[in-house]
K.L.:
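After the structure tokens below, expect a handful of questions from me.
The analysis underlying the following values was restricted to heavy atoms, covering all of them including side chains, and did not include hydrogens, waters or symmetry mates.
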Amino acid sequence: MGFGKVLGALASVLVIVASSVTPAQAAVRQPLLPDLRQAPVGCAGGYGGDPALCRDWDVCMVTDPKDPSGDCVTSGGIRSVRLRFTTAEDNVGEGPLLLYGRRSRAGADEMQVRQGFQHGRGAPIPATFDQAERATATSMYYEPAKAHRHWHLLNFARMQLRTPGGRTVVADRKNGFCLGDRYRTADAGALPGATRDPASPEGQLAKQLAQNRCGYRDPAATEVVEGISVGSGDDYRYQVDFQWLDLTDVASGTYDVVTTVNPDRTLLESRYDNNSSSISISVQWPGGAARRPSVITEAPAVTLLRSCPGRDRCSGELKLGERTFARAQGPVAVTPRCGTTAPDESCCCCCATESPTAIRETAAAVR
């Protein structure tokens, strides 16, 4: 048989094999990708209301700038001023975020991380590092600090203070994350891939991730799993270590606070255009000063001008005539909602409600 006839016969075989694959089988082979959505800045995880009413942020003066979660004070040797705020990351995709860490020996400082995928609803969930298909550029390390004592995923999210033009003025010092299902997203009921059957592979995974403590008190671990189910999210409250940006040397002015999940796109997602959220704030040092005094005795007034979920720019979109106000002492500013009456006109925004807490069970104590 000539070479041309061999190729023709081979092509016929390939056509027959390809035609024998059903659409259902082809669909199973496609990974269900996560979609990481950065929740509104300063809102508790799972909050579904007006982000301008969120209260999960404050201004905190501390005496020890090296303390990652120093007590807030109003007097004494104040050496640092921090804008503290909650950040939360939702998974609103088709499939779970699955990250598997492993190191070859207990003495290695970091674990390599692979990303795994579920191939169709109801399909098996990868159980080990070897079953995860995709290598990533990130890693995990053990954090021995008393408030953590578990394995952290590096560079999962980023926080920045930027000028309205986009220049970074202050970057966060946080780099580690212990991911799990800490809350249910407000729109989970509308997500096709959200967990509904506790007995399904997705339901069993959600149960594990809700209790995930990332190798708590196990510095000798050689494998760790982290992740977020569809319709769930992972949040860090503003009182947690390094959940702040340092305002000490920031000049009075208007800025954007920008939070971004998966900033380097190390993790594979179905989309990336919802990975950032921002708020526009005004910073004003006491007495109308352009910069902080040599001795700090009072925090700058920080006013929330606008919240921009899903966007990495906010200040440039402010409209003239928007009315905002700052609350004195540990200022928290919101847009008035009680007939648009400002505080000096005898209203304290009576119809505003506190955003719900969304921390989950024992995991909250170690994050």
Side-chain angles (χ1 to χ4, degrees), residues 38-43 50-63 65 70 72-74 78-87 157-174 238 242-260 263 276-336 340 342-344 349:
Q38 184 67 56
V41 179
C43 296
D50 184 350
L53 300 181
C54 288
R55 301 292 193 278
D56 269 34
W57 67 278
D58 66 8
V59 176
C60 177
M61 299 187 294
V62 299
T63 57
C72 299
V73 300
T74 56
I78 298 167
R79 298 182 57 197
S80 182
V81 179
R82 296 168 176 175
L83 176 65
R84 307 190 305 175
F85 51 93
T86 293
T87 58
R158 180 175 63 199
M159 304 179 290
Q160 296 175 315
L161 186 73
R162 300 179 185 174
T163 65
R167 179 175 62 85
T168 299
V169 178
V170 178
D172 70 279
R173 294 169 56 190
K174 184 183 183 74
Y238 64 98
F242 295 116
Q243 276 297 129
W244 44 264
L245 292 172
D246 192 341
L247 298 182
T248 310
D249 295 316
V250 172
S252 296
T254 300
Y255 300 92
D256 283 346
V257 176
V258 185
T259 59
T260 303
S276 292
S277 285
S278 59
I279 56 174
S280 174
I281 63 169
S282 169
V283 177
Q284 179 57 65
W285 286 95
R291 294 189 173 274
R292 70 174 180 90
S294 57
V295 178
I296 299 174
T297 58
E298 184 180 349
V302 176
T303 307
L304 174 62
L305 303 177
R306 187 178 185 182
S307 181
C308 298
R311 303 181 219 172
D312 62 1
R313 300 285 285 272
C314 202
S315 295
E317 300 177 4
L318 285 173
K319 297 178 182 178
L320 293 176
E322 281 191 306
R323 303 182 66 185
T324 58
F325 64 86
R327 198 165 71 193
Q329 217 34 283
V332 174
V334 299
T335 303
T340 67
D344 56 0
C349 211

K.L.:
Is any side-chain heavy atom of I281 closer than 4.5 Å to one of L161?
P.N.:
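Answer yes - side chains close enough.
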K.L.:
Test V257 against every option in L304, I279, T87 by the side-chain contact (heavy atoms from CB on, under 4.5 Å) rule and name the one that passes.
P.N.:
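Exactly one candidate clears the test, I279.
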K.L.:
Determine whether a donor-acceptor pair (N or O, by modelled atom type, separation under 3.5 Å) exists between the side chain of S252 and the backbone of W285.
P.N.:
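Here the side-chain-to-backbone pair exists.
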K.L.:
Is there a donor-acceptor pair closer than 3.5 Å between any side-chain N or O of R55 and the backbone N or O of L53?
P.N.:
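Checked: pair present.
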K.L.:
Answer whether the closest heavy-atom distance between the side chains of W57 and V302 falls below 4.5 Å.
P.N.:
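In short, these two side chains touch, coming nearer than 4.5 Å.
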K.L.:
What I'd like to find out is whether the side chain of V250 reaches to under 4.5 Å of the side chain of L83, using heavy atoms alone.
P.N.:
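Of all side-chain heavy-atom pairs linking L83 with V250, none is under 4.5 Å.
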K.L.:
Indicate yes or no: at least one non-hydrogen side-chain atom of E298 is less than 4.5 angstrom from one of M61.
P.N.:
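Sidechains of M61 and E298: no contact.
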K.L.:
Partners of T248 by side chain to side chain contact (heavy atoms under 4.5 Å, CB included), sequence neighbours excluded?
P.N.:
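For T248 the side chain to side chain contact (heavy atoms under 4.5 Å, CB included) partners, ignoring immediate neighbours, are S80, V81, D246, R292, I296.
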K.L.:
What's the shortest heavy-atom distance between A171 and L245, and which atoms?
P.N.:
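Scanning both residues, the minimum pair turns out to be C-CD2, 3.8 Å.
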K.L.:
Heavy-atom distance under 4.5 Å between the side chains of T297 and I78, does that happen here?
P.N.:
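Side chain of T297 against side chain of I78, heavy atoms only: no contact under 4.5 Å found.
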K.L.:
Considering only heavy atoms from C-beta outward, does the side chain of W244 approach that of K174 to under 4.5 Å?
P.N.:
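A side-chain contact is absent here, since even the closest heavy-atom pair is not under 4.5 Å.
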K.L.:
With R158, which residues qualify under side-chain hydrogen bond (donor to acceptor under 3.5 Å, both in side chains), at least two apart?
P.N.:
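side-chain hydrogen bond (donor to acceptor under 3.5 Å, both in side chains) list for R158, sorted by chain: empty.
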K.L.:
Given 3.5 Å as the limit, does a donor-acceptor pair link the side chain of S315 with the main chain of Y255, or not?
P.N.:
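Between the backbone of Y255 and the side chain of S315 there is a qualifying donor-acceptor contact (under 3.5 Å).
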K.L.:
Could you check whether any side-chain heavy atom of D56 comes within less than 4.5 Å of a side-chain heavy atom of C43, counting everything from C-beta outward?
P.N.:
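A side-chain contact is absent here, since even the closest heavy-atom pair is not under 4.5 Å.
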K.L.:
Donor-acceptor check, side chain of R162 to backbone of R313, threshold 3.5 angstrom: yes or no?
P.N.:
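No; judged by distance alone, with no hydrogens or angles, the pair does not exist.
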K.L.:
Can you check whether Y238's main-chain N or O pairs, donor with acceptor, with T86's side chain at less than 3.5 Å?
P.N.:
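A pair under 3.5 Å: yes.
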K.L.:
Indicate the atoms forming the closest heavy-atom contact of S307 with A52, along with that distance.
P.N.:
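That would be CB-N, 4.4 Å.
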K.L.:
I need the L247 CG to R82 CZ distance, nearest 0.5 Å.
P.N.:
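L247 CG to R82 CZ: 10.5 Å, rounded to 0.5 Å.
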K.L.:
Judged by atom type as modelled, is there a donor-acceptor pair below 3.5 Å linking the side chain of D256 to the main-chain atoms of V258?
P.N.:
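Here the side-chain-to-backbone pair does not exist.
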K.L.:
Hey, is the main chain of C314 close enough, under 3.5 Å, to the side chain of S280 for a donor-acceptor pair?
P.N.:
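It does not hold such a pair.
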K.L.:
Looking at every non-hydrogen atom in both residues, tell me the closest pair between V59 and A299 and how far apart they are.
P.N.:
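Closest heavy-atom pair between V59 and A299: CG1-CB, 3.9 Å.
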K.L.:
I'd like to know if the side chain of S277 and the backbone of Q38 have a donor-acceptor N/O pair within less than 3.5 Å.
P.N.:
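Side chain of S277 to backbone of Q38, a donor-acceptor pair under 3.5 Å: yes, one is there.
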K.L.:
For the backbone of A289 and the side chain of Q284, can you confirm whether one donor and one acceptor N or O come within less than 3.5 Å of each other?
P.N.:
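Flag set: sc Q284 to bb A289 pair under 3.5 Å.
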K.L.:
Shortest non-hydrogen contact from T259 to A39?
P.N.:
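Smallest interatomic distance, heavy atoms only, reads OG1-O, 4.5 Å.
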